[in-house]
Amino acid sequence: MTPVVNKTLPEFEAFATGGVKFTPSANLGHAVVLYFYPKDATPGCTTEAMQFRDHRKKVKGIERSTFLIDADGVMRAEWRGIKVAGHVDEVLKAVQALKQAA
């Protein structure tokens, strides 16, 4: 299963930080930022998670990657192999653009 931009995500189940279960269908009606990182407790991963936390994005947690899923369960953007610096701001701009388009 490979997610594709502008296509509905296939149903899957993933366990995020703290054992929280994520499924696309359980989040319909909400925009979701789902991001992955290669290793816990590294400076880059910690910085990225803290930046999302500080911007009040709900964190649900390989390759460092982020996916933006709209309220209909359609993946609208993806970032792969990202660098931490400036990434959160870029994602939040995409979230705002998504809200304005709705």
Side-chain angles (χ1 to χ4, degrees):
M1 153 185 77
T2 301
V4 177
V5 172
N6 295 321
K7 298 285 185 183
T8 302
L9 286 175
E11 189 62 17
F12 67 94
E13 187 175 282
F15 288 92
T17 304
V20 175
K21 183 170 67 172
F22 172 84
T23 62
S25 61
N27 289 279
L28 291 176
H30 304 279
V32 175
V33 173
L34 182 63
Y35 77 100
F36 300 88
Y37 47 89
K39 186 176 179 185
D40 275 338
T42 61
C45 297
T46 301
T47 299
E48 183 179 20
M50 288 177 10
Q51 287 179 359
F52 275 118
R53 178 205 63 207
D54 292 347
H55 283 83
R56 295 194 171 112
K57 297 308 292 169
K58 189 174 184 179
V59 177
K60 293 188 173 194
I62 353 211
E63 175 187 45
R64 187 182 311 276
S65 53
T66 304
F67 304 92
L68 176 58
I69 304 155
D70 75 8
D72 295 319
V74 176
M75 185 171 71
R76 294 297 179 182
E78 66 179 331
W79 296 263
R80 294 183 180 269
I82 61 102
K83 303 292 184 207
V84 173
H87 176 62
V88 169
D89 291 331
E90 184 180 353
V91 172
L92 294 177
K93 284 180 188 174
V95 170
Q96 289 302 317
L98 186 66
K99 287 181 180 179
Q100 291 174 356

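Every value quoted in this text rests on a predicted model; they were computed, and no experiment measured them. Below, all heavy atoms of this structure are taken into account, side chains as well, without hydrogens, waters or symmetry copies. Residue indices begin at 1 and follow the sequence shown.
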If you look at every heavy atom in [X] and [Y], which pair is closest and at what distance?
X     : Y     : value
Pro24 : Pro10 : CG-O, 3.6 Å
Thr23 : Ala26 : OG1-CB, 3.0 Å
Val84 : Gln51 : O-OE1, 4.1 Å

Spell out, yes or no, whether [X] and [Y] are grouped together once hydrophobic residues are joined by side-chain heavy atoms under 4.5 Å, including indirect joins.
X    : Y     : result
Val4 : Val74 : no
Leu9 : Leu28 : no
Val5 : Phe67 : yes

Got [X] and [Y] here, is their nearest side-chain heavy-atom distance under 4.5 Å?
X     : Y     : value
Asn6  : Arg76 : yes
Thr8  : Asp72 : no
Val91 : Leu68 : no
Phe22 : Val32 : yes

> Applying side chain to side chain donor-acceptor pair (under 3.5 Å), which residue pairs with at least one partner in residues 89-99 are found, sequence neighbours left out?
Replying inline: Trp79-Glu90
